[in-house]
**Q** 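The structure under discussion is supplied below as structure tokens; questions concerning it will follow.
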Amino acid sequence: MSLMEKEMFYWSRYLPTILYSLAYMMLIAYSGIWIILKRESLFGLVLTSFARVAFVIGFGLNEILFEVQKTSNFAKLDIFFFPITLLFVFLTVMALRTLKEADKSAETFLAILLVTATALIPLLHKVFHHTDVAASHTFFSDLLYTDPKLLQYYFWPSVLMAVGMLFFYRPFKLIIFDADQAYLSGLATKQLEFLFYFFVGIVTAICVRIMGIYLAMAAMLIPAYFAITVSRTLKGVLIFCFLLVFISLLLGFSFAFYADTLPTEPVLILSFLFCGAVVYVVSLMKRVG
Amino acid sequence: MESSQVLTFQDAEIGYSAKSIFTHVNLSFPQNIFCRIHGPNGSGKTTIARTMLGLLRLRKGIMKVYAQKRAYVPQQNKLDRQFPMRLAELVETGFSFSFRQTFSKHQRKHRQEKVLAYLEKSGLAGKQDLLLKEASGGQLQRALIARALIANPDFLVLDEPFSNLDKTGKIEIWDWLLALHKEKQISIFIIDHHETGDLAGYTHELVTDFGSVQLLPIKRRKK
């Protein structure tokens with residue numbers, strides 16, 4: 001099989017999976033823009049880690065209460081998974097607010113949460129006696145072998161989240177840039193902030209479920225970071241970020257298909273980094289020139 | 001009697017949820033006041049200013065606000081200058097928010113025209129596309145004041161507006177504020193560390209000193 005034939009074979013075989021992946025990655029990258037602009041990248045990492053903790057707890061409860069052995073019943077798993085993720089999000093946000101009000105640094109607190117989440121995973125696996133691949137899938141999944149039903153199942157909820165986040169684009173921009181001014185402009189800043197974390201929490205939970213925590217973290221932070229670094233306006237950041245995700249995915253999947261023994265996720269993460277670095281160097285050269 | 005006031009505190013306790021800064025505060029700010037908020041570092045100047053703006057809740061007591069529209073010019077170092085935003089967008093954030101206006105093309109155009117007019121008034125004509133990180137301290141200060149004024153406030157608080165400015169910049173901003181106070185009858189409060197003789201325009205001084213706060217009228221010196 002020639003190189004071209006091999007690429008064509010894989011691209012046609014996995015096209016639906018790739019298109020779904022593109023949609024999910026664009027969504028989490030969009031959340032990543034706000035998280036980075038809010039200077040809460042570490043919170044993003046904590047969130048992805050706790051989404052996995054929530055998944056494992058949800059999976060365990062699903063087995064105990066409904067005696068569901070497989071993850072094919074997505075709805076029953078979600079009964080626990082999303083509320084537990086959101087509970088983590090809101091408790092963390094409340095703690096962060098308290099720290100902020102007391103003028104204390106939140107960084108160490110978030111680092112402790114990150115370590116705690118990492119430590120909880122093997123313990124919870126042991127507690128719930130399950131070694132199902134579905135739970136380990138959320139760690140470092142193989143995107144190409146993700147159940148197509150799972151990709152379809154979360155698509156419309158994700159579209160809903162995307163529409164919501166786009167609808168609140170201007171209020172979110174205001175509260176993230178200058179919450180005091182947002183309040184004086186008549187916005188209910190506290191409620192909007194909770195709404196923001198609700199959206200980000202749900203999006204992250206869905207993406208962790210589909211692509212695993214590492215790819216979700218990478219898709220959340222890397223394209224958004226480089227887009228913010230090279231763009232002048234927020235609209236420019238959005239366009240650049242989506243372009244970066246698109247090109248990185250094309251490049252990453254092409255390379256993964258070319259060297260078909262390589263796992264897709266690490267290749268995609270490095271592809272995000274490579275594309276971002278190229279864009280950054282070009283913009284730097286343009287500025288110097 | 002009260003209608004001649006712009007804001008009053010009655011037996012108020014001011015501070016954060018975990019800590020009280022001022023207790024039993026009874027103050028009455030007259031309308032069209034031009035007041036300097038003055039005191040040592042950490043004595044609660046910003047805390048009282050934020051409370052007056054409604055950004056901090058009273059721990060106890062009553063605060064009555066008779067002003068229609070309050071506006072705030074924060075310290076420059078409180079702003080994220082790396083945020084990808086142009087000066088025109090910064091000024092636009094000063095408008096009262098409504099979804100209707102966000103989605104109306106006509107309203108957006110009207111707002112953009114008003115933003116350009118305010119940038120021009122503040123000496124920033126042609127600088128609308130300047131990024132926050134590219135603007136000088138003086139340009140950013142002017143843009144922040146333009147943002148506060150675009151919503152037509154009758155109550156304005158400025159937190160150290162003269163820091164990061166050179167002498168010429170300070171004089172320009174001072175003259176502008178003085179003119180605004182006289183022409184538009186705006187009640188203005190300025191948190192200011194200055195120990196200069198530039199008190200000529202102030203009508204009052206709010207002095208904070210670790211737990212105590214006093215409003216003192218400034219007597220005009222005869223030349």
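Lettering of chains follows the sequences in order, A, B, ..., and the numbering in each one begins at 1.
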**Q** Quick check for you: among Gly54(B), Ser98(B), Ala71(B), which has the greatest number of heavy-atom pairs under 4.5 Å with chain A?
**A**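 Option with the greatest count: Gly54(B).
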**Q** Without hydrogens or angle criteria, can the side chains of Ser20(B) and Glu13(B) be said to hold a donor-acceptor pair below 3.5 Å?
**A**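 Present: a donor and an acceptor within the cut-off.
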**Q** Counting only heavy atoms closer than 4.5 Å, note whether Lys173(A) contacts chain B via side chain, backbone, both or neither.
**A**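 For Lys173(A), the contact with chain B is made by backbone and side chain together.
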**Q** How long is the straight-line distance from CD1 of Ile247(A) back to CZ of Phe240(A), given to the nearest 0.5 Å?
**A**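 If we round to the nearest 0.5 Å, Phe240(A):CZ and Ile247(A):CD1 are 8.5 Å apart.
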**Q** For His110(B), does its backbone N or O pair with a side-chain atom of Glu113(B) as donor and acceptor, under 3.5 Å?
**A**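 Side chain of Glu113(B) to backbone of His110(B), a donor-acceptor pair under 3.5 Å: no, none is there.
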**Q** Go through the atoms of Pro153(B) and report whether side chain, backbone, both or neither lie under 4.5 Å from a heavy atom of chain A.
**A**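 It is neither, since no heavy atom gets under 4.5 Å.
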**Q** How are the rings of Tyr24(A) and Phe155(A) set relative to one another: parallel (under 30°), tilted (30 to 60°) or perpendicular (over 60°)?
**A**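 If you compare the ring of Tyr24(A) with that of Phe155(A), the planes turn out perpendicular.
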**Q** Could you check which of Ala148(B), Ser96(B), Ala151(B), Pro74(B) has the highest count of heavy-atom pairs closer than 4.5 Å to chain A?
**A**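 Option with the greatest count: Ser96(B).
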**Q** Side chain, backbone, both or neither: which part of Leu132(B) has a non-hydrogen atom closer than 4.5 Å to chain A?
**A**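 The answer is the side chain of Leu132(B).
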**Q** One pair to check against side chain to side chain donor-acceptor pair (under 3.5 Å): Glu40(A) and Tyr197(A). What are the steps and the verdict?
**A** CA-CA 11 Å; Glu40(A) 288 183 349; Tyr197(A) 285 116; 2.6 Å; yes
**Q** Between atom CE of Met25(A) and atom CG of Leu244(A), what is the distance when rounded to the nearest 0.5 Å?
**A**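 So the gap between those two atoms works out to 13.0 Å.
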**Q** Does any heavy atom of chain B fall under 4.5 Å from the side chain of Leu174(A), the backbone, both, or neither of them?
**A**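 Just the side chain, heavy atoms under 4.5 Å.
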**Q** Once you measure the plane-to-plane angle for Phe162(B) and Trp174(B), does it fall in the parallel (<30°), tilted (30-60°) or perpendicular (>60°) bin?
**A**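 Ring orientation, 0 to 90° scale: tilted.
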**Q** Taking Gln128(B) for the side chain and Ala125(B) for the main chain, is one N or O donor matched with an acceptor at less than 3.5 Å?
**A**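 Checked: no pair found.
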**Q** With Phe83(B), which of Ile176(A), Asp178(A), Ile228(A) fulfils side chain to side chain contact (heavy atoms under 4.5 Å, CB included)?
**A**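 Result for side chain to side chain contact (heavy atoms under 4.5 Å, CB included) with Phe83(B): Ile176(A).
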**Q** So which residue, Val237(A), Thr98(A), Leu187(A), ends up with the most heavy-atom pairs under 4.5 Å with chain B?
**A**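 Option with the greatest count: Leu187(A).
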**Q** Side chain, backbone, both or neither: which part of Leu184(A) has an atom under 4.5 Å from a heavy atom of chain B?
**A**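 The answer is both parts of Leu184(A).
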**Q** Heavy-atom pairs under 4.5 Å with chain B: which of Gly186(A), Ala179(A), Pro171(A) has the most?
**A**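 Of the candidates given, the most pairs with chain B belong to Pro171(A).
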**Q** Measure distances from Asp180(A) to the heavy atoms of chain B and classify the residue's part below 4.5 Å as side chain, backbone, both or neither.
**A**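 Backbone plus side chain of Asp180(A), per the 4.5 Å heavy-atom cut-off to chain B.
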**Q** Using non-hydrogen atoms only, which part of Phe95(B) is less than 4.5 Å away from chain A: side chain, backbone, both, or neither?
**A**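 Just its backbone gets close to chain A.
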**Q** Under 4.5 Å from any heavy atom of chain B, what part of Phe167(A) do you find: side chain, backbone, both or neither?
**A**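 Contact with chain B: backbone and side chain both.
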**Q** At a heavy-atom separation under 4.5 Å, does Tyr183(A) approach chain B through its side chain, its backbone, both, or neither?
**A**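 Only the side chain of Tyr183(A) comes within 4.5 Å of chain B.
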**Q** Contact part of Lys69(B) toward chain A, heavy-atom cut-off under 4.5 Å: side chain, backbone, both or neither?
**A**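 Side chain of Lys69(B) only, per the 4.5 Å heavy-atom cut-off to chain A.
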